[in-house]
Amino acid sequence: MKSIFLSIIISAHVLLSFESSLAFTPNVNSGSKPLTGICSSTKQNLVEEARSQAKVSIPISSDLSIVTEQRLRENQKRGIHVSSSFIPKEYNPHPLLRNRHFQTILGVFIRDHQGAAYIEKTNVIQEVLPVAKAVLDVLPAITGATSSESDCDFWDKRERFDTLDGDFFNVDYKFRDPVMEGGGEGMVIIIHGLESNSNSSLCQNMARAYGENNMDVACVNFRGCCGNPNDTLLQYHGGWTTDLILFLDKWAERNEEAQRPMYITGFSLGANVAMKLLGDLSMDAVDKYNIRGAAVSGAPFSLSFHWRQLIDDEFNRIVYAGSVLKSMKKKVEYITDRFLDGNTETDVFDYWKCMNATTIAEIEDGMIAPLYGFTDRFDYYDKSASLPVVDNIAVPTFVLNAADDPFFNSDYFPWEKDCDADGIAPLKLARTEYGGHLGHLFHRIEENEEIPIASFAPMELARFLQHVHSSNQ
């Protein structure tokens with residue numbers, strides 16, 4: 001048993017490259033146009049457009065120019081009552097499977113395997129046997145011995161959205177009634193994490209959990225994460241909300257008559273994006289888009305508190321940061337070759353600083369900051385953070401994190417923002433002792449207890465949104 005898990009840890013360096021390789025084309029009608037050659041003059045235009053578009057964002061509502069602060073506070077008071085009345089369930093992982101790296105890594109590979117998400121209480125040793133079997137089944141994928149690329153037939157429909165700067169992103173839907181492409185009492189929008197997409201087991205776990213509550217689900221794939229390369233320099237980053245606003249605008253038009261409630265959910269980078277979106281929108285979330293609540297997991301709040309976690313911690317630096325660096329450098333090369341004619345001396349960003357980088361922070365300084373109009377990585381951290389705008393969130397919002405998350409500084413969690421601790425926004429915070437980064441597996445349940453349709457965290461997020469939805473009836 002011990003040797004199996006040791007093999008997992010040794011092989012963990014493939015984790016993020018595995019996530020990155022989950023590029024796929026679902027077996028649904030995508031409507032994506034084929035890529036064509038781009039001439040040099042067009043590439044130059046793309047560079048200029050990218051720089052211009054990087055400075056465009058939704059209006060930040062810190063001055064509450066659209067609605068009065070009084071109306072926001074009144075809405076928040078009602079939301080606080082809803083959020084406060086929600087009682088999070090206790091997370092009880094198997095005592096032999098609490099390790100944060102087990103949780104983080106195995107959350108990618110075996111979430112949907114029998115005996116992984118939930119463990120029926122019998123005998124402490126006997127309970128881990130299904131987990132050991134699941135690990136053996138996926139060991140070739142973990143070590144890279146077999147291809148991890150796969151088709152996806154989970155979603156009912158894919159829709160392409162063309163952006164104002166000449167690019168596109170794809171959205172995958174799961175409907176309560178696939179024939180009528182709807183049928184749910186509302187729509188839940190999933191925002192995925194770094195280098196993830198709608199093919200991830202976590203996205204699909206979320207969709208199942210929300211579907212069980214009679215909701216339709218839309219998973220927004222960030223640019224370049226849907227299996228098709230995007231058409232401009234811009235990809236996405238930790239505070240990128242531009243494309244989500246475009247999606248919300250389109251759905252607001254479609255939803256004008258039905259007025260179905262909308263809900264936001266997300267994880268990791270997507271959790272930060274979700275809360276920044278809601279904070280920036282403030283009352284517009286309710287008035288313009290009929291957003292009624294949100295639930296996220298693995299939320300960083302601000303990268304300023306956590307960026308050294310992948311540098312100072314030796315395991316994190318070797319296992320996790322090494323994989324991220326490799327993935328990011330491949331993107332630097334791809335962007336340079338496709339959009340800049342392979343010009344490694346370009347002034348759009350610092351190619352050589354990126355390629356010689358030994359830390360993720362150096363690539364954020366070399367490419368992310370200049371490409372998206374930030375002064376440096378610290379300016380990027382500050383302006384992309386959701387923490388400065390969470391006080392403007394108008395709707396009940398639940399955040400589920402783990403205290404042992406290897407990517408986050410365990411000394412920081414904004415308890416002062418919790419609605420039960422005199423926070424002014426309807427923000428309900430919960431932090432379990434264990435769970436790693438987006439793990440929350442191996443939750444022990446009674447022997448004859450019904451096994452939920454999705455793993456612990458997605459079920460908790462869905463339970464909160466159902467709580468909010470019921471309060472609006």
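All values derive from a computational prediction rather than experimental measurement.
Taking the ring axis of F456 as reference, the NZ or CZ atom of K89 does not stay both within 45° of it and closer than 6.0 Å to the ring centre.
In the model, N205 has a side-chain atom that pairs as donor or acceptor with a side-chain atom of S455 under 3.5 Å. N75 and R73 form no side-chain donor-acceptor contact under 3.5 Å, judged by distance and modelled atom types alone. Residues Y210 and Q466 bring no donor and acceptor atom of their side chains to less than 3.5 Å of each other. Between R260 and N290, the side chains place no donor N or O within less than 3.5 Å of an acceptor N or O (distance only, hydrogens not considered). Side chains of S85 and H467: a donor on one and an acceptor on the other come within 3.5 Å. Judged purely by distance below 3.5 Å, without hydrogens or angles, the side chains of N230 and Q235 pair a donor atom with an acceptor atom.
Screening D243, N228, D172 against N221 for a side-chain hydrogen bond (donor to acceptor under 3.5 Å, both in side chains) leaves a single residue, D172.
Listed for the S83 side chain is no donor-acceptor partner under 3.5 Å among the backbone atoms of I80. The backbone N or O of G238 lies less than 3.5 Å from a partner atom in the side chain of N272, making a donor-acceptor pair.
The distance from the CG atom of L461 to the NE2 atom of H440 is 9.5 Å, given to the nearest 0.5 Å. Once rounded to the nearest 0.5 Å, the distance linking CD of Q126 with CD1 of I119 reads 11.5 Å. Atom NE2 in H443 sits 10.5 Å away from atom CE in M459 (nearest 0.5 Å). Between the OG1 atom in T242 and the CG atom in L234 there is a gap of 8.5 Å [rounded to 0.5 Å]. To the nearest 0.5 Å, atoms CZ (F267) and CE (M206) are separated by 6.0 Å. To the nearest 0.5 Å, the span separating OG on S302 from CG on L387 amounts to 6.5 Å.
Taking the six-membered ring for Trp and thresholds of 30 and 60 degrees, H101 and Y320 have ring planes inclined between 30 and 60 degrees apart. The aromatic rings of H237 and W240 sit perpendicular to each other, their planes meeting at more than 60°, with 30° as the lower class boundary. Ring geometry, W415 versus F413: the interplanar angle exceeds 60°, so the pair is classed perpendicular (tilted spans 30 to 60°). In this pair, W251 and Y173 present their aromatic rings tilted. The plane angle is within the 30 to 60° band.
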Steps toward side chain to side chain contact (heavy atoms under 4.5 Å, CB included) verdict (L277, L248): CA-CA 11 Å; L277 173 75; L248 288 172; 4.1 Å; yes
Check against salt bridge (charged side-chain N to carboxylate O under 4.0 Å, His left out), K276 and D280: CA-CA 6 Å; K276 186 176 188 303; D280 286 349; 2.8 Å; yes
side-chain hydrogen bond (donor to acceptor under 3.5 Å, both in side chains) between N255 and Y289, worked out: CA-CA 9 Å; N255 197 35; Y289 302 116; over 6 Å; no
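In this structure, K417 does not pair ionically with D422, as no charged nitrogen and carboxylate oxygen lie closer than 4.0 Å. Remark: E460 does not engage K428 in a salt bridge, criterion side-chain N to carboxylate O under 4.0 Å. Using a 4.0 Å cut-off between a side-chain N of Lys or Arg and a carboxylate O of Asp or Glu, D312 and R308 qualify as a salt bridge. Using a cut-off of 4.0 Å between Lys/Arg side-chain N and Asp/Glu carboxylate O, K250 and E253 are scored as not salt-bridged.
Aromatic rings from F398 and F86 are positioned such that their centres are separated by under 6.0 Å. Centroid-to-centroid, the aromatic rings of F378 and W307 come within less than 6.0 Å. Remark: aromatic rings of F168 and F161 are distant, center separation not under 6.0 Å. Taking the six-membered ring for Trp and the full ring otherwise, the centers of H437 and F408 sit less than 6.0 Å from each other. No close placement of the F407 and H306 rings is indicated, their centers lying 6.0 Å or farther apart.
In this structure the side chain of Q103 reaches within 4.5 angstrom of the side chain of F442, judged on heavy atoms.
Summarising the local packing, CD of E449 is surrounded by more than 12 heavy atoms from other residues, nucleotides or ligands at distances under 6.0 Å. Atom NZ of K77 has 12 or fewer neighbouring heavy atoms from other residues, nucleotides or ligands inside a 6.0 Å radius.
Here the closest heavy-atom approach between residue P261 and residue E185 is recorded as CD-O, 3.4 Å.
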